[in-house]
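Structure, as structure tokens:
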Amino acid sequence: MTSAAFDVERIRKDFPILSRELPGGRPLVYLDSGNSSQKPAQVIETMREHFAQHYSNVGRAMHALGSESTEAFETARDKLADFIGAPSRDEVVFTKNASEGLNLVAYAFGNPAGEDPRFRMGPGDEIVISEMEHHSNIVPWQLLARRTGATLRWFPVTDEGRLDLSGIGDLVNERTKIVSIAHQSNVLGTVNPVAAVLARAREVGALMMLDASQSVPHHPVDVAALGVDFVAFTGHKMVGPSGIGVLWGRGELLEAMPPFLGGGEMIEAVWMDHSTYAPPPHKFEAGTPPIVEAIGLGAAADYLTSVGLEAVEAHERELTAYALDALREVPTLRVIGPGDTHERGATVSFTLDGIHPHDVGQILDDAFGIAVRVGHHCARPLHLRFGIPATTRASFYLYNTTSEIDALVRGLHHVQKVFS
Amino acid sequence: MTSAAFDVERIRKDFPILSRELPGGRPLVYLDSGNSSQKPAQVIETMREHFAQHYSNVGRAMHALGSESTEAFETARDKLADFIGAPSRDEVVFTKNASEGLNLVAYAFGNPAGEDPRFRMGPGDEIVISEMEHHSNIVPWQLLARRTGATLRWFPVTDEGRLDLSGIGDLVNERTKIVSIAHQSNVLGTVNPVAAVLARAREVGALMMLDASQSVPHHPVDVAALGVDFVAFTGHKMVGPSGIGVLWGRGELLEAMPPFLGGGEMIEAVWMDHSTYAPPPHKFEAGTPPIVEAIGLGAAADYLTSVGLEAVEAHERELTAYALDALREVPTLRVIGPGDTHERGATVSFTLDGIHPHDVGQILDDAFGIAVRVGHHCARPLHLRFGIPATTRASFYLYNTTSEIDALVRGLHHVQKVFS
Amino acid sequence: MITESMYQELILEHYKHPQGRGLREPFDAEVHHVNPTCGDEITMRVKLGDGGKVEDVSYDGQGCSISQAAASVLYELASGSSVEETLGVVDEFTRLLQGRGQVEPDEDVLGDAVAFAGVAKYPARVKCALLAWMAYKDALVRSTA
Amino acid sequence: MITESMYQELILEHYKHPQGRGLREPFDAEVHHVNPTCGDEITMRVKLGDGGKVEDVSYDGQGCSISQAAASVLYELASGSSVEETLGVVDEFTRLLQGRGQVEPDEDVLGDAVAFAGVAKYPARVKCALLAWMAYKDALVRSTA
Ligand SMILES: Cc1ncc(COP(=O)(O)O)c(C=O)c1O
Ligand SMILES: Cc1ncc(COP(=O)(O)O)c(C=O)c1O
């Protein structure tokens with residue numbers, strides 16, 4: 001049951017793909033938005049229209065189309081800044097995805113071209129992540145540790161799928177230069193206690209980054225209120241296009257960081273033997289940016305704002321409660337992650353005894369057109385921690401319904417019949 | 001006059017924006033394709049259709065939409081491999097633009113995570129570029145030199161706007177680890193003598209990279225025939241979307257290089273303390289790639305192939321000859337770059353005595369809807385070399401006509417009247 | 001239901017009742033292969049006999065029904081055959097699986113393994129089916145090296 | 001023609017016949033500002049007198065008609081005025097130029113500089129118009145520091 005104010009059927013009409021029929025006459029039941037969300041006509045149409053009527057390069061072009069594109073692109077930056085409560089639009093860096101944003105920050109450390117002591121890194125220094133991270137918030141820090149000789153450490157995860165803060169005093173210490181954790185886990189659904197971790201990071205003078213790939217699309221996120229230093233997220237999970245992401249960083253830190261990619265647009269002046277750099281955000285946007293993708297992401301932010309992030313969150317909480325309840329009836333099903341909706345989002349991962357998630361996913365898709373994700377969801381260490389090679393994950397978004405969850409439960413019963 | 005076989009009016013109909021009227025009733029005369037090209041309906045429609053009917057994340061999803069997206073995305077890789085004559089599809093790495101490709105290669109050097117001696121770099125080692133490079137093929141190497149202590153050197157440019165090879169024996173020597181130059185200059189139009197430079201690079205055992213951002217869209221380019229090691233180019237200049245580029249690299253080198261960005265999709269297996277990486281091209285595609293942008297670029301390659309790159313090249317040569325001729329009639333106009341069509345593309349940059357390019361561009365646009373680019377075109381060192389702060393640049397593509405060049409010449413006469 | 005083209009009765013049978021499973025001694029070579037996209041794993045041992053015979057193929061692993069059944073079918077086909085014969089089967093199996101559903105399988109060569117024809121239409125699952133077979137090929141190379 | 005809203009006769013006049021151009025002695029502060037996106041440059045000197053008067057503003061530079069004319073107009077407005085008055089004009093000029101064409105200029109404050117109103121509609125040229133004026137403000141700060 002969804003609340004009266006939130007008209008999910010009307011919302012579904014905005015997403016053309018949801019009325020699609022799959023081969024074999026199967027309806028589409030899309031429960032894989034944690035992987036990537038679908039796009040409303042408003043986003044698709046904004047992009048089409050821009051390509052067809054207003055496109056040109058941005059920043060550098062002084063003609064009519066150049067102004068139209070630049071205006072649309074920079075307005076998208078304003079929209080994204082508003083969307084996340086950024087104190088300044090200049091703190092919004094467009095990247096190609098969340099992964100680039102995470103790497104960008106990682107490459108700022110231990111770079112001889114940078115002078116700020118907060119970004120110095122070498123043997124003895126420490127980086128702290130967690131065991132529930134997406135590979136995109138693990139590998140960049142492994143590579144950084146490898147480049148600099150620093151040590152990578154991590155928070156463990158409790159059996160319930162929460163961040164284990166019991167050892168935080170030792171884990172985050174004076175050697176810690178940065179702590180980077182997920183705002184919300186893409187497997188467990190867990191929403192992490194940012195304030196507690198941040199308090200400790202501040203005590204020891206460490207910077208803190210949030211991988212907000214799974215939170216920004218689903219809850220109102222206010223970067224200023226969060227109080228962290230960096231936040232990365234990605235367009236394609238928030239009803240926006242592929243090819244675009246955002247790195248938000250405190251203006252003062254973005255100023256202090258060395259450039260990452262070099263090229264057009266990120267410079268102030270170039271001589272053959274040296275260059276000076278543009279102020280942020282342009283300093284970090286080398287080359288022609290994903291212009292129409294940023295504009296599409298602006299339309300996505302508008303769309304989510306018009307629906308209302310609070311409404312989206314409430315709808316997802318209802319779906320999650322409904323799903324946790326309904327899934328309990330499936331024999332041998334075990335949810336990996338918190339069992340109730342307290343501090344958790346609309347992502348439900350689970351195992352079924354003796355049936356591999358690949359088979360679960362395939363049969364759900366083949367037989368019923370139900371799209372879930374199966375595997376380790378780019379969070380292999382988390383699966384290792386739970387001693388399982390893979391899970392099946394259903395993730396919900398504003399366009400999902402309780403009857404789709406019913407379909408999932410029916411599908412799972414069928415899967416069990418096939419393998420019984 | 002354009003050749004009979006090449007029906008430019010028919011081609012123009014494929015590009016919706018070309019029928020657009022600018023505010024004030026001005027027609028659009030788009031002579032800024034060197035900056036970014038316009039997009040045919042075939043590309044726009046392919047992207048719209050994919051978002052509306054087939055979209056999902058690639059690689060990781062096992063459901064129906066996941067297969068459709070993955071199939072379309074990987075087919076785009078096949079198309080791009082074909083388009084540039086890549087010996088293997090696995091040598092085609094999707095990036096967000098040409099700049100990322102250039103940076104990716106630059107970051108492979110002097111990286112402690114890499115073991116191959118060809119990518120070792122430190123004090124005493126040398127990097128060779130040229131004075132005519134785009135900032136995107138200068139700054140990444142400056143940053144690399146800064147990180148490693150290596151020395152950046154460069155080919156000078158002759159008064160006619162050609163690469164000055166006279167000192168090549170000294171410039172490219174046993175200390176040289178890589179030579180990276182433009183295939184075609186984005187200011188001068190000059191097509192550089194790749195074979196001559198490559199021969200010397202091979203003699204001394206250096207690697208060689210081409211910035212093909214301005215050649216791949218306009219001429220048939222065969223990476224195998226060129227014989228270099230890396231080639232970077234960008235989608236938005238070849239009738240493709242923004243947000244996508246290609247790095248081609250020899251398979252064996254891509255294998256030998258350390259990873260650049262870390263994250264999902266580029267891994268084989270991840271533990272908390274180390275990871276193993278996927279083989280190329282995925283090793284270099286961290287995070288969700290620009291999925292629909294790659295698919296759009298595939299459609300762009302199809303479009304250019306259907307028109308025929310030879311036909312595009314011939315058409316552009318005619319336009320260039322016509323323009324060089326017509327511009328000669330404009331008093332005080334001085335072309336910066338080769339004065340004939342020998343080894344040069346359809347990019348014509350020039351100055352007018354006593355009139356700043358910004359004023360030229362603005363009046364052409366305001367009065368006639370003519371879009372040219374003005375400034376240093378992200379090639380400031382080249383402008384410094386010619387002792388000029390800026391130029392006006394007209395760049396032509398398959399959809400341009402001689403009557404648009406006539407309009408440009410009329411416009412320039414008007415500009416001179418305003419400032420007389 | 002499309003499912004039926006992939007989850008053949010025979011595949012489900014092999015999955016539920018895997019043949020020859022478990023690692024055995026003696027062996028000439030042991031390899032460990034992983035399918036990184038899904039985490040399927042297999043450890044495979046090969047023991048060769050006189051005259052190019054495959055004396056034993058033993059394995060252990062974890063993964064989906066397709067990868068486990070493929071290992072079981074491989075065991076049945078390979079043990080007791082000649083190295084050469086089995087390489088022929090591996091080649092034909094690979095050709096079938098990588099054929100995107102367009103390849104007409106040679107039943108004479110493949111035997112029971114023909115049941116995997118339906119998998120070829122699912123690019124994401126092709127690697128599951130091939131995991132054991134590629135491991136086997138690798139193990140053969142190492143045992144004869 | 002839209003052009004006319006930007007290339008006012010007055011702007012062209014100042015460009016063709018710049019007032020007060022050239023670097024002069026004595027001066028209290030000299031600054032050099034560059035507009036990186038287009039390479040426009042200006043060197044500006046300020047000489048202050050008694051009682052908060054601006055005794056001389058001298059400059060040299062290169063750039064488009066907008067940036068050069070803006071410097072010339074600035075010279076006329078500033079030399080002989082009080083620092084405080086000119087700061088008021090700079091503020092109003094900045095407000096006008098950054099107003100994206102939506103701001104109603106205060107002609108009493110701006111005088112001739114109101115001719116730049118049309119430039120405000122062209123984001124790419126706003127920096128050209130402001131170059132000299134920002135340099136002037138910077139130079140003032142340094143001469144009174
Ligand atoms: C010669 C050359 N190299 C590199 C680039 C950079 O391409 P992008 O901005 O798409 O990264 C450009 C175009 O801007 C170019 O003309
Ligand atoms: C928690 C989390 N972090 C990072 C990412 C990476 O996002 P992207 O693939 O867009 O870079 C994802 C999604 O794949 C995610 O779920």
Side-chain angles (χ1 to χ4, degrees), chain A residues 16-17 20 22 32 35-36 39 44 48 51-53 55-57 61-65 96-100 103 112-113 134-136 138-140 142-143 146-147 154 236 241-243 261-264 267 269-272 275 286-288 290-293 361-362 365 371 373-374 378 380-381, chain B residues 16-17 20 22 32 35-36 39 44 48 51-53 55-57 61-65 96-100 103 112-113 131 134-136 138-140 142-143 146-147 154 236 241-243 261-264 267 270-272 275 286-288 290-293 361-362 365 371 373-374 378 380-381:
Chain A
I17 208 169
R20 204 194 128 177
L22 299 176
D32 196 20
N35 190 356
S36 199
K39 327 298 175 199
I44 302 172
R48 192 203 59 72
F51 275 133
Q53 297 295 328
Y55 179 83
S56 98
N57 212 327
M62 298 220 177
H63 41 69
L65 295 180
K96 67 174 172 175
N97 51 27
S99 303
E100 186 188 353
N103 280 278
H134 188 280
H135 295 161
S136 292
I138 299 176
V139 183
Q142 288 179 343
L143 293 172
R146 179 78 192 273
R147 283 195 303 276
W154 50 88
H236 65 93
S242 49
L261 305 181
I267 56 96
V270 177
W271 294 261
M272 283 313 287
S275 298
T288 302
I291 299 169
V292 182
E293 291 67 28
Q362 186 95 43
D365 176 56
R373 187 167 170 192
V374 296
C378 298
R380 191 170 176 273
Chain B
I17 208 169
R20 200 194 133 177
L22 300 176
D32 196 21
N35 191 356
S36 199
K39 326 298 174 201
I44 302 172
R48 192 202 59 72
F51 274 132
Q53 297 296 329
Y55 179 83
S56 96
N57 212 329
M62 298 221 177
H63 42 68
L65 295 180
K96 67 173 172 176
N97 52 27
S99 304
E100 187 188 352
N103 280 279
E131 217 173 357
H134 188 280
H135 295 160
S136 292
I138 299 177
V139 183
Q142 289 179 343
L143 293 173
R146 178 79 192 273
R147 282 195 304 275
W154 51 88
H236 65 93
S242 49
L261 304 182
I267 56 97
V270 175
W271 294 261
M272 283 312 289
S275 298
T288 302
I291 299 169
V292 181
E293 293 65 30
Q362 187 96 43
D365 175 56
R373 186 167 171 194
V374 296
C378 299
R380 190 171 175 272

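Each chain gets a letter, A, B and so on, in the order its sequence line appears, and its residues count up from 1. The figures here come from the full heavy-atom set of this structure, side chains too, leaving out hydrogens, waters and symmetry mates.
The candidate with the highest count of non-hydrogen atom pairs below 4.5 Å against chain A, out of B/Glu131, B/Met272, B/His135, B/Arg147, is B/Met272. Ranked by heavy-atom pairs shorter than 4.5 Å toward chain A, the options B/Gly361, B/Ala98, B/Pro140 are led by B/Pro140. Put simply, of A/Ala371, A/Ser242, A/Ser36, A/Gly263, the one with the most heavy-atom pairs under 4.5 Å next to chain B is A/Ser242.
Using a 4.5 Å cut-off between heavy atoms, A/Leu143 contacts chain B through its side chain alone, with no backbone atom that close. In this structure, chain B has heavy atoms under 4.5 Å from both the backbone and the side chain of A/Gln53. Both the backbone and the side chain of A/Ala269 come within contact range of chain B, judged by heavy atoms closer than 4.5 Å.
Note: A/Asn57 CG to B/Arg373 CZ = 7.0 Å, rounded to the nearest 0.5 Å. Between atom CG of residue B/Leu261 and atom OG of residue A/Ser99 there is a gap of 8.0 Å, rounded to the nearest 0.5 Å. Atom-to-atom distance recorded for B/Leu22:CG and A/His63:NE2 is 10.0 Å, nearest 0.5 angstrom. To the nearest 0.5 Å, atom CD1 of residue A/Ile138 and atom CD1 of residue B/Ile267 are 9.5 Å apart. Within the model, atoms CD1 of B/Ile17 and CG of A/Leu65 stand 4.5 Å from one another, a figure rounded to the nearest 0.5 Å.
Residues B/Val139 and A/Gly262 come closest through the heavy atom pair CG1-CA, 3.6 Å. Here the closest heavy-atom approach between residue A/Trp271 and residue B/Gln142 is recorded as O-NE2, 2.7 Å. Between A/Ser136 and B/Gly264, the closest heavy-atom pair is OG-N, 3.0 Å. Of all heavy-atom pairs spanning A/Gly243 and B/Glu293, the tightest one is N-OE1, 3.9 Å.
Side-chain contact check for B/Lys96 versus A/Glu100: some heavy-atom pair is nearer than 4.5 Å. In this structure, the side chains of A/Pro16 and B/Phe51 stay at 4.5 Å or more apart for every pair of heavy atoms. Using a 4.5 Å heavy-atom threshold, the side chains of A/Met62 and B/Asp365 count as separate.
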